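Everything on this sheet refers to the single structure shown next.
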Amino acid sequence: MEILGTITLLIFIVTLVATLLGWIKMPVQTVLIGITLVNIVLALIFFGLQGMADELRLVPADVIGRIILHPVTALLGGLFMGGVLGAAGGFEAIKAIVNRLRKTPLGLAGTLVILINIPLITMLPCGRIIAAALLPLLFMFGPEGSGTLRKTQLIVFIAAFARNSFGSCGPSPVGGVAQIAEGTLGGATFPDAAAGILRGPQVFSLMIGTAFMALFIRFVTKRLYPEDTVQIKDREGGVEPEIKVNWKGYTSLIIFALALLTATFISFIPSLKFITVQAIFVAASILIIIVCRVSLGDLMTGIILMPATAMVAGFLAAGSLYPTGGMQVLQSIFKGLAAFPLLGVVGTLVILVQAQTILPLSCSRILTAVFVPLIYVFGKGVGLTDLQIGIVMAAYIINATTSCAPSPLGGAGMMAEGQLRAETGYLKGAFSFTSLAVMAPLAAVFMRFITLDVFARNPQTGQMMFTATWGHLGQTILWSLVIMAAAYGLIVVMSRLITASLGRNRKVLIASFGLGGVLCGISLALALRLGEPVAGTSLGVSLVQGIIGGIIAAVLIALMIQVSFAGPPLKENVQAVEG
Amino acid sequence: MADEKQKKDEQKIGRTRQVEDQPVALPGIRRFQSFTNVEDRMLTKNINRAAMFGVAAAMGVAVLKPLFHGMPQTTYCYECRACYATQDKCPGRITEQAELTVASRVLDYRRFILKGGMNCIRCGNCQTFCAAHLDLPKIFGTMQKLVVAAIEEGYVPTGVLAQALAEGKIGRDYLLPVVKYMQKLKKETEKPIPEPELM
Amino acid sequence: METAWYNRWLEAFAAKASRPWRLAAFTFLISLLYPGTRFFLLAVIFIVLVVKSVEYGVKNGKWWGLKALIGVFLFSCLVYAAAAAEAYRVARYRRALGDTIPLDLKTGIYEAEADGARGPVHVQVEIIETGLSPTGNLIHRIDSPLELHRETGSIGGNAIKELNYRYRPGTEKIRALNKDLITRRLDQAMDSIDGITGATLTSRAYRKAVKTAIIKAHRTPKKLSTFTHFVYFFLKNEISKISFNTLAIIFILIVFFDYTLQGLLVRGTGQAVSCMNCQTCVGACPVKRVELDGKEYAFPMDMVLAARLGDYELVKKLSWFCVGCAKCSGKCPIGISAPSVASAGVRFLKAREAEKEKADAGGGRHG
Amino acid sequence: MFTFIVFIIAGALTGLITTYALDMKTRKELAQGTRGGVIRAKIRALLGPKKMSGRRGASPGRASHRLAPTKEIWQTKNKKKTSRR
């Protein structure tokens, strides 16, 4: 059984890495389905050889049973809504509303900030739902459209929007990724965990992560386009083209907003709890179809098959590891790492937290379904308290939801890159870096100081504790500021070091990632230590362990990013801009 | 010299799907791209088609199977695992109720038995925690019947049953069919199986 | 290039079974599998047919379709009323009997068997007229002939002797059993037959055999006729909150499945299924944006997506704008070639149109 | 409440940073960006799950329902809630 587990796990990881590095040039679905089939065939052969022929019958059901159906159907339901909304002109209505907002005291800057954060406000189960429709509209702010923004500004704007939208699946209450972990955390310590224990940290670190992503891209882009100070297309006489939106657009937008609100808050009404998100979305789409007289075909135009199919294929591939014993092998590998003195429990946890960014697949749920139970079992195994497991889980989930952005396998970040007409990989570095150095530590800090105290139950009395104090608030802000300042320093220094040479840029990239990893390791180790001691190590030892783990994870991430953020050499680039 | 090194770097780093001699239009975009890279295509068109069909079929199976067996509710389990909060209030000592629901969805007998599904007495404790308010007792009850039928047909591996018996994962209501089946096997294979005392 | 046999077969399927037909087939399949939705799905089909016939009537001034539908509706109402009336009568009869208490016993001796520890346990139940129950008949004695079973003499055999002794005519035990039969459900009443310590399997078998015998003695209640069963198979309204949710999910999945299928059926457009809407092709394309019929399209990507959705008319229109430089296919991360997908779509459209024309012409000649 | 405060502070800060990153450096634009960030953070904090705002009264009924003994949970199925001892 162990041999079989090792072989299947090796097949899984090696094939995925080969696909990520571009050695296997096939759609990710094909690769994953291939892994599944190979693993199942191997399992059949092994079981057959061992004389466990009657075990064979249950293998297919076990594999198919690993499909988590809810996020797939919720995502497809959301995409239906997107398609209908687009056809009815709802997104045009958003544009008109934004145009109107610009003339209020909010001004252009405030409007852009809100626009960037629309995905975080709507919180759909997949960022693609809203990004697919809104990205082309946002692109029209740039030189090719109304010319409101310059090219560098546009790059920052689109990248920040993408970052925000592709993290929004984390805090979503309607089939979000965090729900997988919330339930696992639920139990004696956090009986109400499913009511949103992970959503606060997610939102917090996503907000700040978006801003840092924008900062990162700004510094890098400034180096790539040093001369980009003029607007490429002047506005003709300052007159902007008027956006015409008919009543259909506004109506559909209102129905959409109502459906979203219903979906968000329905779980708080006990008598209506049974209505699922999918049902609400389908009903709302059909309502829009009837009211706004959109054709039924428009329902389907919004569907992006890629995430749904990749998700199913990924669940199948990961599921094929269960009956073959690959999961036990994975667990024992991490246990072995934890026994290694230089890495220790803290170092292993830091690597585990980054596991998904190291293997960025096109949808985070593929591996989250594997890793969340693994982290829980691992944490219990090495003697972490429930609070500490909560901290690790918060940091893990934010990294997991981020992992679809830097994925080269049709990850969501590619939508932004494609929209910018850039080679794949231009934004990947920034996405990975912010999730490594800023978002995971911040989520851990927020979880440690604010959320856990709200959710934890007093072990003596069994009552819920509500002990978050002003001191906790101060500590949260202090720690966040320290982390943000360190990350800012890193970004500034790194952007200064970018030159015309790609090879040198790559070294800079790896070095800065390593430093980011150090930052991540230190803050995670501190957040864990501030709860209770970890596995009996002293503070200094756990700091060192965290740093080593962080560096290993960061270097692995940097190696997985094939194309560095520097893109083509500067010289050539400047020529291209000029010519 | 420096140019050569740079080119080498570029080839090593980037995916080469473009004509390198062409000037750059935007970061990473060259003015002319090769028509079709034959080596990128391989002979994979039909494989991709088949894989996609496999994906869709797997989804179809995952939804139609519970429908066919009278447990349509399982299709909208969030798998948020909120039911784990039942903890020691579960009289059947089941710790992972969500696993049972998922096992019921695809009729995964092994998972259902080993996670303690046959211990369920359908008290409805876990239902109060369910975020989607599924009728968990009904689902588990239906599944228990199906498991018993499967055991009688000899569909469930004996290894699973022996393990479940040893771990006390078979509730007293279902001991009889299991023991009967094992006894039948005992007659065939002469393996010693302990006969539990009922009532 | 020679077309592979499976491609020819798939394309013939795609041309014959277009999307409405496929969706109807899926709906039918679901309604067969899932009783709770039958009525709802039938109603949906009926409403769609009514809308279509009204459209036809407005266009052509002929209302036979609508009239036929109204006729079908009235007829099914009548059929349903007949079935409902019968169901009501049966239900009333059962209620009068007491739905769960099988008390309507016939007099006589009934025999039954059940598997004991080592073989079948044989039981005889004698029912005589007592006048105690509403129908007047109750159990007189229970007997298990010793020569008919093979239980272990010291355990099972003794147990059966003991049970035979307990349920002689007129004992306390048999009166208690009769009382339980009147006041409780059958399986609950069976629980009142105490087991014999140490002979669990035999006791169980005894109990089961007694139950089977009583069921044999029971006069079968009036059943629904085949006609009513048939009508209720389609028309019984079982829709609930659960079926609403499940229907939504099934709807989503059917659409997903069907739209995945479309790309797989038509040769050359299968690549489009893997499209991930990343718009890299739009960046590479010299055309980039196309305005058609008041709508704006992101150029090669929307063409590929239209091919995936099976909207080949749109593909044809959009393909007029393509310059065929194939920069997009060079940039595509998965290697989809938009021009080749589009040309495959247009080729399929043309082939279908040609076939239709041929069929029309052929039909005219024959007719 | 603490979540609310932290969100607003973070919102203001990120609004400021984003505006700066978007290359809008005049004081007016920075102020506008900050305002936008705060509004966004407020909306987000209000939309979040009730538990997150840390108010005690948010879901006591739910919690007590969950902590109730088995028997009473079973009885509440008849729409009539039995009082808890």
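Below, chains carry the letters A, B, ... as their sequence lines are ordered, and counting in each starts from 1. Note that the structure is predicted; figures quoted are calculated from it, not measured.
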Going from CZ on A:Phe212 to CD1 on D:Ile17, what distance comes out if it is rounded to the nearest 0.5 angstrom? 4.5 Å
Which bit of A:Leu261 comes within less than 4.5 Å of chain D, counting heavy atoms only: side chain, backbone, both or neither? side chain
Taking the side chain as everything from C-beta on, heavy atoms only, tell me whether A:Leu112 gets closer than 4.5 Å to D:Met24. yes
If one checks every heavy atom of A:Met213 against chain D at 4.5 Å, the contacting part turns out to be neither
Under 3.5 Å, which donor-acceptor pairs do the side chains of residues 7-14 of chain D form with other protein atoms, sequence neighbours left out?
{"from": "D:Thr14", "atom 1": "OG1", "to": "D:Ala10", "atom 2": "O", "distance (Å)": "2.8"}
{"from": "D:Thr14", "atom 1": "OG1", "to": "D:Gly11", "atom 2": "O", "distance (Å)": "3.0"}
{"from": "D:Thr14", "atom 1": "OG1", "to": "D:Arg40", "atom 2": "NH2", "distance (Å)": "2.7"}

Quick check: do A:Thr210 and D:Thr18 have side-chain heavy atoms less than 4.5 Å from each other? no
Under 4.5 Å from a heavy atom of chain D, the part of A:Leu106 involved: both
Between D:Arg44 and A:Pro171, the two heavy atoms sitting closest are NH2-CB, 4.0 Å
Among the listed options A:Leu115, A:Val203, A:Ile114, the residue most often paired with chain D at heavy-atom distances under 4.5 Å: A:Val203
Hey, could you give me the CG/CG distance between A:Leu154 and D:Asp23, rounded to the nearest 0.5 Å? 12.5 Å
With the side chain counted from C-beta on, respond yes when D:Glu29 and A:Leu108 share a heavy-atom pair under 4.5 Å apart, and no when they do not. no
Chain A interface, residue from D:Ala21, D:Ala31, D:Gly37, D:Ala41 that has the most non-hydrogen pairs under 4.5 Å: D:Ala21
So for A:Leu481, is it side chain, backbone, both, or neither that comes closer than 4.5 Å to the heavy atoms of chain D? side chain
So which heavy atom on A:Ala109 is nearest to which on D:Gly33, and how close? CB-N, 3.9 Å
